[in-house]
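Presented below is the structure to which this report refers.
When a ligand or atom number is given, it counts from 1 through the structure's own listing order. Heavy-atom basis, side chains included; hydrogens, waters and symmetry copies ignored.
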Amino acid sequence: MTPEWDLVVIGGGPAGMTAAQYGARANLRTVVIEEMAAGGAVLLISDMENYPGFPEPVNGYEFSEAMRRQTENFGAEFKSATATSITKDGNIFTVETSDGPVTSWTVALSTGARHKHLGAPGEEEFSGRGVSYCATCDGPFFKNKKILVVGGGDSACDEASYLANLTDKLVMIHRRDRFRAQKVLADRVLKNPNIDVRLSHILESIEGDNKVNKVVMKKTDTGETYEEEFDAVFIFIGAIPQTALVPELEKDEAGYVVTNQGMETSEEGLFVIGDVRATPFRQVVVACGEGAVAAHMAAAHIDDVKGEVYAGIK
Ligand code: NAP
């Protein structure tokens, strides 16, 4: 049996769309399955300033739209559906989706990662009513208001810098005595007069009536707890990789899928790319590179399966 597709990409973020571009350009019949708008986490970036070739910061939505059009121009298709399982029979994969099954010689999984929650009392209760995980989505609602940012990584620093353009009453707390973020991003926060950085702090609870109005924080060095009024709490404490479709694949200690340098997994023909993959540096440019590698390796795998491999390509 010949499957319907050569390459099925699950997840339409930068990794997935690049895999689709390279796949379609190499004449693979390629489809991207995406349950939301194409772009993934990039859609939430207001100003992306570190993608090569863009001397001025580019808006994440515009970047994603351009990438989607480019992907379609190469001949890849998009299917709006949720993938629910991946199975393999012989050399052929079946991806079950909310819109019916699709079959393929290869699959590239690029399902990304979702925001981690703190689990603090009040966090779920006030989600959407002052508690947010996306500065560009919700920041403008809190112009000139008092905002608390929680986190110490690249996301927290990036997002705090963005929010500090909207208000000069921004407090940022991190549980350790220094930031985890890349120095350039951390320094930008530390030098920003609109950001009051409080290290060695944790958020104990979020309180309010119908919306957030105060939080309880704890100083981890002294154990002292105190209350402070806030209008909003933005939480950026990392992400949970979306691996539900590949329970059998090897993961690292944080739950990200381990691949070899060809993005290959222990299941031949199944590639894993982007933020769901174990990688030392989660960046859009890295995700795109991974997508390109996966498409290249997928083409080689298909040749292999069909007995047409060109010696030395793999
Ligand atoms: P991250 O690097 O995992 O950092 C998460 C931060 O949240 C850490 O500082 C961590 O503290 C803290 N944290 C985790 N759980 C916590 C909890 N329960 N309570 C309090 N604090 C908690 O995640 P990220 O910042 O979202 O970044 C994810 C990936 O995207 C990274 O690879 C990053 O490089 C990349 N990224 C890059 C850029 C950029 O280059 N502009 C922007 C955004 C993201 P500890 O330090 O104590 O563990």
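- Here Ile202 has no heavy atoms under 4.0 Å from ligand 1, in either its backbone or its side chain.
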* To do: Could you give me the CA-CA distance, side-chain angles and deciding distance for Tyr51 and Phe63, then say whether ring-ring contact (aromatic ring centres under 6.0 Å, His included) is met?
  => CA-CA 10 Å; Tyr51 195 87; Phe63 179 83; 4.9 Å; yes
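- For atom 39 (C) of ligand 1, the nearest protein heavy atom (residue, atom name, distance) is Gln283 NE2, 3.5 Å.
- Regarding atom 8 (C) of ligand 1, its nearest protein heavy-atom neighbour is Arg180 NE, 3.5 Å.
- Among protein heavy atoms, the minimum distance from atom 7 (O) of ligand 1 is reached at Ile237 CA, 3.2 Å.
- For atom 24 (P) of ligand 1, the nearest protein heavy atom (residue, atom name, distance) is Ser155 OG, 3.2 Å.
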* Using the ring-ring contact (aromatic ring centres under 6.0 Å, His included) rule, take Phe271 and His296 through it: C-alpha gap first, then chi angles, then the decisive distance, then the call. => CA-CA 11 Å; Phe271 302 84; His296 174 75; over 10 Å; no
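- Side-chain contact, Gln21 with Thr71: a donor N or O sits under 3.5 Å from an acceptor N or O.
- With a 4.0 Å heavy-atom cut-off, ligand 1 is reached by the side chain of Asp158 but not by its N, CA, C or O.
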* **side chain to side chain contact (heavy atoms under 4.5 Å, CB included) assessment of Ile10 paired with Thr97** => CA-CA 10 Å; Ile10 305 176; Thr97 82; over 6 Å; no
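- In summary, the side chains of Thr111 and Gln242 do not present any donor paired with an acceptor at a separation below 3.5 Å, with no hydrogens or angles considered.
- Atom NZ of Lys251 is surrounded by more than 12 heavy atoms from other residues, nucleotides or ligands within 6.0 Å.
- Residue Gln182 has at least one heavy-atom neighbour below 4.0 Å for each of these atoms of ligand 1: 39 (C), 40 (O).
- Ranked by closest heavy atom to atom 9 (O) of ligand 1, the top entry among His115, His174, Glu49 is His174.
- Protein heavy atom nearest atom 11 (O) of ligand 1, with residue, atom name and distance: Arg175 NE, 3.2 Å.
- There is a side-chain donor-acceptor pair under 3.5 Å between Arg277 and Thr259.
- Aromatic ring centroids of His115 and Phe236 lie 6.0 Å or more apart.
- Scanning the protein heavy atoms around atom 3 (O) of ligand 1, the nearest turns out to be Gly238 CA, 4.0 Å.
- Contact annotation: for Asp275 versus ligand 1, there are no heavy atoms closer than 4.0 Å.
- Looking at Asn50, Val285, Leu118, Asp177, it is Leu118 that brings a heavy atom closest to atom 19 (N) of ligand 1.
- Between Asn50 and Gln283, the side chains place a donor N or O and an acceptor N or O closer than 3.5 Å (distance only, hydrogens not considered).
- The proximity of Leu185 to ligand 1, defined as any non-hydrogen pair under 4.0 Å, is limited to the side chain.
- Within the cation-pi definition used here (under 6.0 Å to the ring centroid, within 45° of the axis), Arg282 qualifies as a partner of Tyr256.
- Closest to atom 15 (N) of ligand 1, if we only count protein heavy atoms, is Lys116 NZ, 3.3 Å.
- Protein heavy atom in closest approach to atom 6 (C) of ligand 1: Gly153 N, 3.7 Å.
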